[in-house]
Amino acid sequence: MTSPRVRFAPAPTGFLHVGSARSALFNWLYARNTGGTFVLRVEDTNAEKTTQEFVDAITEPLAWLGLDWDEGPYFQSERLELHMAAVQQLLNTGHAYYCDLSQEEIEAKNDEAGLKGGYHGWSRDRDVGDGPGVVVRFRAPDDGVTVIDDIVRGRVEIAHETIEDFVIRRGDGSPVFLIANAVDDHDMGITHVIRGEDLLNTAPKVMLLWDALGYGEKPVYAHLPLLVNEQRKKLSKRRDSVALAAFRDEGYLPDAMANALALLGWGPPDEVEIRPMAEIVELFSLETVNKAAAMFDVQKLGHINAEYIKGLSAAEFTAAAEPWLTSDEAPWPADAYDSAVVEALAPEIQQRISKLDEAAGWLTWLFVRPTEFDEKSWSKAMVKGRAADRVLDEVIAALDGDDFSDAGRIEQIVLGVGDALTEALDARVMSQAPVRVALTGGGAGIPLWQAMTLLGRDECLARLRAARAQFG
RNA sequence: GCCCCAUUCGUCCAGCGGCCUAGGACGCCGGCCUUUCACGCCGGUAACACGGGUUCGAAUCCCGUAUGGGGUGCCA
């Protein structure tokens with residue numbers, strides 16, 4: 001058997017959405033698993049719309065996801081003459097004919113014949129000639145069936161009587177994707193057509209064209225279950241925010257994204273969900289793809305991404321998060337940023353976020369002095385009854401002589417103050433909370449001690465004194 | 001309307017006639033750890049759409065019904 005050739009054939013719509021990305025991924029997985037070839041083909045019947053920008057909107061997200069293609073991108077628009085030749089061939093062989101009927105005229109004829117909807121071969125024998133506004137229709141067989149032996153869905157039969165004489169060339173002379181599809185898949189030696197279930201109904205039409213053109217052996221089909229939203233509707237770029245680029249911008253890692261996408265409609269036999277793509281490639285098979293539509297669950301994506309973030313080394317994490325930490329949106333002035341601080345604290349940040357754009361929130365106080373104290377945290381930690389004022393006084397005094405070189409020592413000093421007070425006052429005194437509020441402005445965050453060494457003695461003491469002054 | 005497809009925990013995935021008192025993951029709930037928040041660990045919650053068959057035996061096979069979805073374009 002010759003090695004498989006698969007293709008991902010998106011229309012240039014301006015961006016790639018997760019449903020398309022999933023189709024691309026499954027094609028890629030199949031190609032890599034079988035040692036086949038992954039072809040990228042842009043289905044642009046409207047050639048003038050295909051600007052470089054639109055092409056980039058497809059290729060960049062694919063590359064980001066790690067889906068490298070072996071051939072292409074080919075452009076349908078550049079193969080127009082071949083498509084037109086195929087239309088002409090069908091015309092010559094009697095498989096297609098011209099039709100000049102308008103939508104209104106077709107409806108009128110349907111009404112007259114007592115038929116509802118569709119097109120019923122009205123111009124088959126009218127001997128219409130070509131001209132402006134005239135379309136070419138395929139003469140679909142009146143009886144018999146086309147069988148799709150779909151790898152995912154099994155045997156699907158479509159009765160030919162339900163297939164109307166569909167248009168293969170528009171009134172403006174341009175070919176419709178159905179004919180382009182048949183021609184391109186044939187010319188490019190495509191062996192497996194792997195795509196969304198929404199295209200299942202177009203398969204018999206292309207197969208009919210395929211036979212009429214005398215192309216011989218057809219590709220095998222595999223229609224993937226649709227990706228749906230919370231309402232169980234097909235993911236739509238209109239309703240749902242599903243641009244792959246948007247996920248990238250929020251700080252999802254490409255490997256995590258690809259891993260998550262691979263789990264929609266398919267699962268590894270050993271039930272280990274989060275794993276390197278190389279293993280997924282190894283385990284993947286079209287035969288084990290699900291039939292039922294899958295909901296794209298951002299919460300699970302978040303969990304997978306969090307796991308991937310935790311798996312990064314400190315240096316890798318710092319580099320990966322840098323775009324968010326150095327952007328204009330970062331909550332600190334550009335010159336206050338210090339990547340060394342981030343790298344030192346990376347493990348603490350990594351275990352607290354599920355997307356890279358959440359990193360800044362944990363780091364703000366290290367790069368800029370808090371402008372105000374969180375009210376709730378203040379009232380919880382800074383109560384005199386719990387000796388917060390004395391804690392701050394003694395922590396300030398004890399820390400004043402320290403050189404802030406050792407996180408462990410700072411911890412001992414601060415906690416020691418609390419313990420001593422606990423003994424003296426015969427009531428549990430927690431010294432961490434007031435110090436945290438004084439330093440960070442809030443009550444929750446990464447561990448203090450190491451961060452304090454990074455902040456430095458002068459800044460720490462200044463913040464502690466400022467907070468102490470609030471007591472009046 | 002017509003054609004096509006699907007139906008296992010809230011969600012994703014496992015199960016492809018007996019191993020199922022249905023397994024894993026996310027989420028949720030509880031506990032442990034912890035002088036913050038997390039992480040981690042332990043435990044719990046929760047599903048075979050319904051009705052008929054076939055079979056010694058069905059989540060698994062067949063047929064209906066219901067529900068959901070896709071298509072029905074001179075979009076792809």
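This is a predicted model, so every value here is computed, not measured.
Using a 4.0 Å heavy-atom cutoff across all strands shown, A/Ala444 reaches at least one base atom of the nucleic acid. Among the atoms of the strands shown, only primed sugar atoms or phosphate atoms (P, OP1, OP2) are found under 4.0 Å from some heavy atom of A/Arg153. The residue A/Glu157 sits close only to the backbone: its heavy atoms come under 4.0 Å of sugar-phosphate atoms, none of a base. Across all strands, A/Thr202 comes closer than 4.0 Å to base atoms (heavy-atom distances). As judged by a 4.0 angstrom heavy-atom cut-off over every strand, A/Ile158 is placed among residues touching the sugar-phosphate backbone only. Among the atoms of the strands shown, none is found under 4.0 Å from any heavy atom of A/Pro269. Contact annotation for A/Val156: backbone-only contact, meaning every heavy-atom pair under 4.0 Å involves sugar-phosphate atoms and none involves a base. Across all strands, A/Glu307 comes closer than 4.0 Å only to sugar-phosphate atoms, never to a base (heavy-atom distances). Residue A/Gly171 is classed as a base contact, given a heavy-atom separation below 4.0 Å to a base. Within the 4.0 angstrom heavy-atom criterion, no nucleotide atom of any strand lies near A/Asp270. Residue contacts for A/Thr146: at a heavy-atom cut-off of 4.0 Å it reaches no nucleic acid atom on any strand shown. Across all strands shown, A/Ser431 has heavy atoms under 4.0 Å from base atoms, whether or not it also approaches the sugar-phosphate. Contacts of A/Gly117 with the nucleic acid, taken as non-hydrogen atoms under 4.0 Å apart, are absent. Using a 4.0 Å heavy-atom cutoff across all strands shown, A/Ala433 reaches no nucleic acid atom at all.
Under the Watson-Crick or G-U wobble criterion, with both distances below 3.5 Å, B/G30 is paired with B/C42. Remark: B/A25 base-pairs with B/U11; criterion is Watson-Crick or G-U wobble with both hydrogen-bond distances under 3.5 Å. In this structure B/G1 sits in a base pair with B/U72, meeting the Watson-Crick or G-U test at under 3.5 Å. Checking B/U67 for Watson-Crick or G-U wobble geometry (two distances, each under 3.5 Å) identifies B/A6 as its partner. The partner of B/G18 is B/C56, judged by Watson-Crick or G-U wobble contacts that both fall below 3.5 Å.
Using a cut-off of 4.0 Å between Lys/Arg side-chain N and Asp/Glu carboxylate O, A/Lys109 and A/Glu105 are scored as not salt-bridged. A/Lys355 and A/Asp357 are joined by a salt bridge, as a carboxylate oxygen and a charged side-chain nitrogen come within less than 4.0 angstrom of each other. Between A/Arg275 and A/Glu282, none of the side-chain N atoms (NZ, or NE/NH1/NH2) sits under 4.0 Å from a carboxylate O, so this pair counts as no salt bridge. Classification of A/Asp100 and A/Arg126 as a salt-bridged pair holds, one side-chain N sitting under 4.0 Å from a carboxylate O.
Nucleotides B/C33 and B/C42 place their P atoms 15 Å apart, quoted to the nearest Å. When the C1' atom is used for both B/C50 and B/U67, the distance is 10 Å, rounded to whole Å. When the P atom is compared between B/C29 and B/U45, the two are found 16 Å apart, to the nearest whole Å. Separating the C1' atom of B/C48 from that of B/A22 is a span of 8 Å, rounded to the nearest Å. The P atoms of B/G68 and B/U60 are separated by 23 Å, rounded to the nearest whole Å. To the nearest whole angstrom, the two C1' atoms, one in B/A6 and one in B/A59, are 16 Å apart. Comparing B/A14 with B/U7, their P atoms are spaced 11 Å from each other, to the whole Å. B/U35 sits 49 Å from B/C19 when the P atoms are compared, rounded to a whole Å.
Following rounding to the nearest Å, A/Ile410 (CD1) and B/U35 (P) show an atom-to-atom distance of 18 Å. A straight line from CG of A/Leu178 to P of B/A76 spans 8 Å, rounded to a whole angstrom. As a whole-Å value, the separation of A/Phe284 CZ from B/A14 P is 12 Å. We find that CG of A/Leu264 is positioned 7 Å from P of B/C13, with the value rounded to whole Å. Note: CG (A/Leu283) to P (B/G24) measures 19 Å, nearest angstrom.
Remark: the backbone N or O of A/Arg7 is not paired with any side-chain donor or acceptor of A/Arg41 at under 3.5 angstrom. Between the side chain of A/Thr440 and the backbone N or O of A/Val437, no donor-acceptor pair lies under 3.5 Å.
Closest approach to the A/Asn201 side chain among B/C12, B/C4, B/C37 is made by B/C4 (side chain taken as heavy atoms from C-beta onward). Here the nucleotide nearest the side chain of A/Glu164, chosen from B/A76, B/G73, B/G24, is B/G73. In this structure, of B/G70, B/U36, B/G40, it is B/G40 that holds the atom nearest to the side chain of A/Lys310. Here the nucleotide nearest the side chain of A/Ala292, chosen from B/A6, B/C12, B/C74, is B/A6. For A/Asp419, whose side chain is taken as the heavy atoms from C-beta onward, the closest listed nucleotide among B/U35, B/A76, B/C12 is B/U35. Listed nucleotides: B/C37, B/A76, B/G69. Nearest to the side chain of A/Trp362: B/C37. Of the candidate nucleotides B/A76, B/U35, B/G69, B/A76 has the atom lying nearest to any side-chain atom of A/Arg170. Side chain of A/Glu197, nearest nucleotide from B/C74, B/G40, B/C5: B/C5. Of the candidate nucleotides B/C74, B/C5, B/A25, B/A25 has the atom lying nearest to any side-chain atom of A/His303.
Contact check for A/Trp449 versus A/Gln432: side-chain heavy atoms found under the 4.5 Å cut-off. Taking 4.5 Å as the limit, some side-chain heavy atom of A/Ile163 sits within range of a side-chain heavy atom of A/His160. Annotation: side chain of A/Asp184 is in contact with side chain of A/His83 (closest heavy-atom distance under 4.5 Å).
The residue among A/Gln299 and A/Lys291 whose nearest nucleotide of RNA chain B lies closer to the 5′ end is A/Lys291. Mapping A/Lys233 and A/Leu200 onto RNA chain B via the closest heavy atom, the residue that lands nearer the 5' end is A/Leu200.
In terms of polar N and O atoms assigned as donor or acceptor, the side chain of A/Glu271 comes within less than 3.5 Å of the base of B/G23 in a complementary pairing. At a cut-off of 3.5 angstrom, the base of B/G24 holds at least one donor-acceptor pair with the side chain of A/Glu273.
At B/A76, none of the side-chain N or O atoms of A/Arg41 fall inside 4.0 Å of OP1 or OP2 (strictly under the cut-off). Note on A/Asn290: a side-chain N or O is less than 4.0 Å away from OP1 or OP2 of B/A14. Applying the 4.0 Å criterion to OP1 and OP2 of B/G71, one finds that A/Lys234 has a side-chain N or O inside that range. Within the structure, every side-chain polar atom (N or O) of A/Arg137 is placed at least 4.0 Å from both OP1 and OP2 of B/G73.
Between A/Phe284 and A/Phe26, the distance from one ring center to the other falls under 6.0 angstrom.
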